[in-house]
There are 2 protein chains.
Amino acid sequence: MHSPTQLAQIFREKQLKLTPQRQLLFGLLHENKAHPSAESLFEVASKQMPGISLRTVYQTLGELAEMGELQLVDVGDGAKRFDPNMGEHHHFVCESCGSIHDVEISSTPKIRGEGAGYEVNDVGVVFHGKCTRCGESTKRSPGHQAKKQVAKTK
Amino acid sequence: MHSPTQLAQIFREKQLKLTPQRQLLFGLLHENKAHPSAESLFEVASKQMPGISLRTVYQTLGELAEMGELQLVDVGDGAKRFDPNMGEHHHFVCESCGSIHDVEISSTPKIRGEGAGYEVNDVGVVFHGKCTRCGESTKRSPGHQAKKQVAKTK
DNA sequence: AGCTAATTTGCAAGTATTGCTAACTAACAA
DNA sequence: TTGTTAGTTAGCAATACTTGCAAATTAGCT
Ligand SMILES: [Mn+2]
Ligand SMILES: [Mn+2]
Ligand SMILES: [Zn+2]
Ligand SMILES: [Zn+2]
């Protein structure tokens with residue numbers, strides 16, 4: 001995703017308005033590695049802008065995704081996640097705390113056998129397991145982060 | 001998934017009743033390669049047993065999944081898919097017709113870099129693209145199977 | 001045939017997300 | 001500044017998928 005400043009530029013060019021809501025979200029998403037859901041972003045945004053609508057968060061995230069500024073990540077837990085990291089990468093989901101981490105895989109897996117002729121346009125790899133923090137705390141409290149991942153706290 | 005006969009055996013042992021609803025669903029799922037959703041199975045089941053409840057379909061599918069007889073597949077289209085193929089495999093989703101196919105990949109991708117220490121318990125790989133049928137029909141009607149995948153037609 | 005725990009059903013409710021539209025406002029012009 | 005207006009926001013209804021609940025039904029056993 002481009003920086004908030006660059007996004008502002010892009011929006012102006014397309015004669016899209018630079019509203020405070022959008023600017024806030026641009027900032028919350030910038031460099032955000034948390035893979036937040038619309039809901040979690042809404043919660044964080046609400047603290048800085050009480051009254052902002054969840055609908056607006058969905059709207060803005062949708063627009064950014066359409067503009068190719070955000071990637072949609074589905075880790076199978078119901079809610080879509082938004083990822084400003086547009087580079088090619090995959091995800092690891094800690095089944096203990098729910099945190100989502102970027103991972104690189106040694107090689108994009110190739111289809112073998114009969115399906116080898118499919119025209120593949122996208123590959124999504126999601127690993128489920130225990131993150132470093134949760135893995136080592138087997139004897140300690142397992143839910144050090146019981147709640148779902150929260151958007152970057154600015 | 002075990003065969004309907006074997007499932008009947010298993011159910012009896014656990015003193016679970018062998019209802020007509022369950023038997024019908026065992027049959028519809030057996031060797032089913034369509035990766036049906038609860039809804040699509042319900043539609044097919046309804047033809048052979050008018051009046052069967054969607055709730056019962058969900059219930060039964062849930063039980064079978066818990067018993068390790070079915071695999072849950074999430075291809076990111078909203079509804080969960082049920083897969084009697086418990087072998088290790090991944091999926092290809094045709095973005096044109098929505099069909100879901102089993103695929104083997106040349107090697108389970110390994111995480112590289114900083115995340116290499118994660119304890120991985122499951123890997124899900126979903127390929128999105130055009131299936132053979134849709135890929136070759138670029139100039140022909142693209143929606144030869146407009147509707148979502150339907151459960152095996154008995 | 002009768003008993004009863006398991007099962008099925010219908011319906012309400014829950015979660016995530018989108019559709020609709022009236023009220024609002026950023027951006028530009030006068 | 002004030003006015004204009006196309007673009008935006010916010011609220012709420014509606015949708016899609018799935019689960020919770022309780023009453024009615026029934027498979028399996030005696
Ligand atoms: Mn990511
Ligand atoms: Mn499969
Ligand atoms: Zn963790
Ligand atoms: Zn196809």
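Sequence lines set the chain letters: A, B, ... in the order given, protein chains first and strands last, and positions in each chain run from 1.
The distance between atom CE of Met49(A) and atom C1' of dT9(D), rounded to the nearest whole Å, is 11 Å. One atom, CG of Asp74(A), and another, P of dT15(C), lie 19 Å apart when rounded to the nearest Å. Protein atom CG of Leu25(A) is 14 Å distant from nucleotide atom C1' of dA10(D), rounded to whole Å. The nearest whole Å value for the distance from the CD1 atom in Ile52(B) to the P atom in dT25(D) is 17 Å. Atom-to-atom, CD of Gln15(A) to C1' of dT8(D) comes out at 14 Å; the value is rounded to the nearest Å. The separation between Asp77(B) atom CG and dT17(C) atom C1' is 15 Å, rounded to whole Å. Distance, Leu24(A) CG to dT8(D) P: 17 Å, rounded to whole Å.
Distances shown here put every side-chain N or O of Ser53(A) at or beyond 4.0 Å from the OP1 or OP2 atom of dT9(D). Side-chain N/O atoms of Lys80(A) include one lying less than 4.0 angstrom from OP1 or OP2 on dT18(C).
Listed by first then second residue, pairs satisfying salt bridge (Lys or Arg N to Asp or Glu O under 4.0 Å) with a partner in residues 100-111 of chain B read Arg112(A)-Glu104(B), not counting sequence neighbours.
Environment of CD in Gln15(A): sparse, with no more than 12 heavy atoms of neighbouring residues, nucleotides or ligands closer than 6.0 Å.
Residues of residues 61-69 of chain B that place a heavy atom closer than 4.0 Å to DNA chain C do not occur.
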Review item, side-chain donor-acceptor pairs of residues 51-62 of chain B, under 3.5 Å, at least two apart:
unit_1	atom_1	unit_2	atom_2	d
Ser53(B)	OG	Arg55(B)	N	2.9
Thr60(B)	OG1	Thr56(B)	O	2.9

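By the ring-ring contact (aromatic ring centres under 6.0 Å, His included) test, Phe82(B) pairs with no residue at all, sequence neighbours left out. By the side chain to side chain contact (heavy atoms under 4.5 Å, CB included) test, Phe11(B) is found to be paired with Leu16(B), Leu18(B), Arg22(B), Phe26(B), Glu63(B), Leu64(B), Met67(B), residues two or more places apart in sequence or in another chain being considered.
Note that the CG atom of Leu70(A) and the CE atom of Met86(A) stand 7.5 Å from one another [nearest 0.5 Å].
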| Letter per nucleotide, 5' to 3', of nucleotides 23-30 of chain C [B base touched, S only sugar-phosphate touched, - untouched; heavy atoms, 4.0 Å] | --BBS---
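The listed nucleotides are dT8(C), dA16(C), dT9(D); the one nearest the side chain of Tyr58(A) is dA16(C).
Under the 4.5 Å side-chain criterion, counting only non-hydrogen atoms from C-beta, Met1(A) is not in contact with Asn85(A).
Note: His35(B) and His91(B) have perpendicular aromatic rings, judged against thresholds of 30 and 60 degrees for the angle between ring planes.
Residue Gln59(B) is classed as a base contact, given a heavy-atom separation below 4.0 Å to a base.
Where Gly78(A) and Arg55(A) meet DNA chain C, the nucleotide closest to each residue was compared, and Gly78(A) sits on the side nearer the 5' end. Comparing Gln21(B) and Phe82(B) along DNA chain D, the residue whose closest nucleotide (by nearest heavy atom) sits nearer the 5' end is Phe82(B).
Side chain to side chain, Ser3(A) and Gln6(A) meet the donor-acceptor criterion of an N or O pair below 3.5 Å.
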